[in-house]
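Here is how names work: the chains are called A, B, and so on, in the same order as the sequence lines, proteins then strands, and each is numbered from 1.
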Number of protein chains: 4
Amino acid sequence: MTPSTPTRDRILDAAMRLFGEQGYRGTSVAQIERAAGLTPGAGGLYHHFRTKEALLRAGIERNLNRLDALRDIRRVLGGLGDLRAELTLSARYVLAELDGEEELLRIMLTEARSRPEIVEDAVRQLVNTTFTEFTAWLRESAGVPEERAAAVASVGLGALFSSRVMSGLLKVSPVGVDDETFVATWVEMMHRMLTPEES
Amino acid sequence: MTPSTPTRDRILDAAMRLFGEQGYRGTSVAQIERAAGLTPGAGGLYHHFRTKEALLRAGIERNLNRLDALRDIRRVLGGLGDLRAELTLSARYVLAELDGEEELLRIMLTEARSRPEIVEDAVRQLVNTTFTEFTAWLRESAGVPEERAAAVASVGLGALFSSRVMSGLLKVSPVGVDDETFVATWVEMMHRMLTPEES
Amino acid sequence: MTPSTPTRDRILDAAMRLFGEQGYRGTSVAQIERAAGLTPGAGGLYHHFRTKEALLRAGIERNLNRLDALRDIRRVLGGLGDLRAELTLSARYVLAELDGEEELLRIMLTEARSRPEIVEDAVRQLVNTTFTEFTAWLRESAGVPEERAAAVASVGLGALFSSRVMSGLLKVSPVGVDDETFVATWVEMMHRMLTPEES
Amino acid sequence: MTPSTPTRDRILDAAMRLFGEQGYRGTSVAQIERAAGLTPGAGGLYHHFRTKEALLRAGIERNLNRLDALRDIRRVLGGLGDLRAELTLSARYVLAELDGEEELLRIMLTEARSRPEIVEDAVRQLVNTTFTEFTAWLRESAGVPEERAAAVASVGLGALFSSRVMSGLLKVSPVGVDDETFVATWVEMMHRMLTPEES
DNA sequence: TATGAATGAGTGTTCATTCAT
DNA sequence: TATGAATGAACACTCATTCAT
């Protein structure tokens, strides 16, 4: 019951990596044990987690907590004064966040249908929080009126999100739009959206 | 359910539905047989498909062919003269396409990691084709210079795509941005991007 | 119910060949049908044989009948006057017989344990008949006293028989004893056994 | 039956017995498990053997090792001084060896065609070794010239071998030649072959 | 805390056989 | 006479989980 035993962490690491690579169902308890340095098939895993599903739950939670620690960086963003600069930082930050949690993202997308209860919280934290914060930033820093903010955030973050779904999950990089160009285009798009059009 | 449709088709229907709901691994051959009106576990499925995997392959192919009939995006769009109207149609068309193939989309996202060879072609057809055609439309109709077109298409279609990944796969509708608002915002964003900014 | 339909024979041919190559259990009805020019798995075989086992039974019987036709040649043997020549012919004849029915021999050896009832008759005809005739020849032509004849035949024919079991079934040819040498040695051995030893 | 012997051995015993009785294909893993005191169909066998085929392989190897202990034929034979006595011992020894490994012999004959790779080594050890040693004995003790030795061994051992194939595998005992008579006849035959004929 | 051994339920797949057409 | 489709029973093998040691 000592929740910080090294073995427990090794199991979590191995499990999340394998879940990300092969899916939850595609990963056997024996495989996880082997990857964690335990005897495969001996059930040593069950001294640390009551169930394979409990392990998934714990793994997702741990990754989310790790994310929370990083999310404070967000506060650094504000107050640059330059809208373009702040947008660029925002984009890079969101993409980096998604990249850092590619594993988690993959698990969530893969298991979303079969275990909605488990994934619900994770999605709320990984997606909704970012969404809410970005919406708030749009209102406060860019002066976007309330009713527009959510919609603009939805479109803007969606573009970033899907870029990572494509590359990380579907292994598709449409044509040859590299990250830099993608971000630059996104920034310009958002910038035009946030500045009044002089018609 | 309708025992008059040919068995092969009933199997395909059942399989694609179940694959979409429970994933490929999560769906047993017996389940598919039962859903197709065959005796579960008797292997009647194997008179029509050599392998469970061959069934997946055939199912994906069938759905893609069904899509191909609808595919000629530019024909639908062309010649309205009004950029805003054409963009709105574009958005609605792409979203409708994704909605109509929610099942296929779900399978592709879920199985992309474990069976990349199978999904590769499907992705190319479902994602890349749309991408290529939209890029072409941007160049020809909206007069976007070549080097920008791909990047703009990437951002624009990405936003649409992710909206469906969120709602269809993750069952997340961030805040309360309904479809109409989402499309309107997207159209405005694209429109500003495609018309010269008078600085 | 026309027992001489070409199809029936094609099935028998295919079945016996496949049974010899892969064993009875290792050969599926569908395989036999395919090899006989019928649609595999459609059960066309069952218009000619009530059961897979009935097919085996009929196949063995047919091969045995074929053998019976040849066995009269045996009468040609007698009366050469020269013991050595007659022994040589005997050896060659028995070996040729075993070679010609290698398929049948293989099936019998393979299925002997699992279906003793079927194989019983075949063994009696293929082995015992030859044994009885050879014993009779020993008595009549070589003048071997009754009580010795059976034992000598047993040892002599056994040597021939095992040579074919080794090469045909076990694919073993011990060292480099070619057929000619083998027969010559066998003939000398039998000849010494059949002529009174002058001590 | 004896639940105290290690499970692995009980599985091996059961498997070899059943393989001998019903053939490899004819024996199901569940049957073996039941005979070994495990729950049939639960796959407990797979904790000890990776595959049904690996089990066969291990079983054959174990039986061969058991044989090796007894194998030193020439040590048993040598130095009696009397050729007849030594031949009698030889015959009895070889027959006893074949009787003791009737199970193995049956498996080898039955599976030789379908799994040649597995049986190859076994044949080499069970047949060829005996053959080689007997050949050597013929040369050294009985003074048979090199070129004759192999052929004589081939005929002589063949007779012994086939006697066991007949009785053990085909359940045929031609006429009523009992073992004693058979051996006596064989010894006389070999003896005449090994002593110079005074013409 | 870790292991070796076991188990119940299930996996995809094969196959001999039947039957309406 | 032949076929397409179906079925019941079996198959080898996997896996999450338990438990005595």
Side-chain angles (χ1 to χ4, degrees), chain A residues 1-2 5-8 24-33 36-55, chain B residues 6-8 11 24-33 36-55, chain C residues 1-2 5-8 24-33 36-55, chain D residues 6-8 11 24-33 36-55:
Chain A
M1 296 287 168
T2 35
T5 324
T7 301
R8 201 189 129 97
Y24 174 77
R25 283 191 122 104
T27 304
S28 75
V29 169
Q31 255 176 74
I32 300 171
E33 286 171 335
L38 298 180
T39 306
L45 183 149
Y46 292 92
H47 290 285
H48 302 274
F49 302 94
R50 264 174 30 90
T51 295
K52 193 188 174 189
E53 188 166 320
L55 169 58
Chain B
T7 305
R8 201 190 128 96
I11 293 177
Y24 175 77
R25 284 189 110 112
T27 305
S28 76
V29 169
Q31 257 174 67
I32 300 172
E33 286 172 334
L38 297 182
T39 307
L45 183 149
Y46 292 95
H47 290 284
H48 303 274
F49 302 94
R50 263 172 36 85
T51 289
K52 193 189 175 190
E53 188 167 318
L55 169 58
Chain C
M1 294 289 166
T2 35
T5 323
T7 302
R8 200 188 128 98
Y24 174 77
R25 284 191 122 104
T27 304
S28 77
V29 169
Q31 256 176 73
I32 299 171
E33 287 172 334
L38 298 179
T39 306
L45 182 149
Y46 291 93
H47 291 285
H48 302 274
F49 302 94
R50 263 173 32 88
T51 295
K52 194 189 175 189
E53 189 167 318
L55 169 57
Chain D
T7 305
R8 201 191 128 96
I11 293 177
Y24 174 78
R25 285 188 110 114
T27 304
S28 77
V29 168
Q31 257 175 65
I32 300 172
E33 286 172 334
L38 298 181
T39 307
L45 181 151
Y46 292 96
H47 290 284
H48 302 275
F49 302 94
R50 262 171 38 85
T51 290
K52 193 191 175 189
E53 188 167 320
L55 169 58

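If you check F:dT21 for Watson-Crick or wobble pairing at under 3.5 angstrom, you find it paired to E:dA2.
The backbone N or O of C:A54 lies less than 3.5 Å from no partner atom in the side chain of C:T51, so there is not a single donor-acceptor pair. C:E33 places no side-chain N or O within 3.5 Å of a backbone atom of C:L38 that could act as its donor or acceptor partner.
The shortest distance between the side-chain N/O atoms of C:T7 and the OP1/OP2 oxygens of F:dA2 is below 4.0 Å. For the pair B:T39 and F:dG8, the criterion of a side-chain N or O lying under 4.0 Å from OP1 or OP2 is met. Of the side-chain N and O atoms in C:H48, one or more sit less than 4.0 angstrom from OP1 or OP2 of F:dA2.
Between D:G44 and B:Y24, it is D:G44 whose nearest contact on DNA chain E lies nearer the 5' terminus. Both A:G26 and C:G41 lie near DNA chain F, and the one whose nearest nucleotide falls closer to the 5' end is C:G41. Position along DNA chain F of the nearest nucleotide to D:R25 versus C:G43 favours C:G43 as the more 5'-ward residue.
Across all non-hydrogen atoms, the minimal contact from B:K52 to B:T27 is NZ-O, 2.7 Å. Shortest non-hydrogen contact noted between D:A30 and D:P40 is O-CB, 3.6 Å. Contact record, C:T7 with C:H48: CG2-NE2, 3.5 Å, taken as the closest heavy-atom pair.
Atom CD in A:E33 sits roughly 8 Å away from atom P in E:dT3 (whole-Å rounding). In this entry the distance linking CD1 of D:I32 with P of F:dA12 reads 8 Å, nearest Å. Between A:F49 atom CZ and F:dT18 atom P there is a gap of 15 Å when expressed in whole angstrom units. D:R50 places its CZ atom 16 Å from the P atom of F:dA12, with the value rounded to the nearest Å. In this structure, the NZ atom of C:K52 is 8 Å from the P atom of E:dT17, given to the nearest Å.
Among F:dT17, F:dA6, E:dT11, the nucleotide with an atom closest to any side-chain atom of A:T51 is F:dT17. With E:dG12, F:dA2, E:dA16 as the choices, the nucleotide that has an atom nearest any side-chain atom of B:Y46 turns out to be E:dG12. Distances were taken from every side-chain heavy atom of A:V29 (C-beta onward) to each of E:dT7, E:dG12, F:dT17; the shortest belongs to F:dT17.
Donor-acceptor pairing under 3.5 Å, judged by distance alone, is present between the side chain of D:H47 and the base of E:dA6.
Residue-level contact check: D:L45 touches neither bases nor backbone, having no heavy atom under 4.0 Å from any strand.
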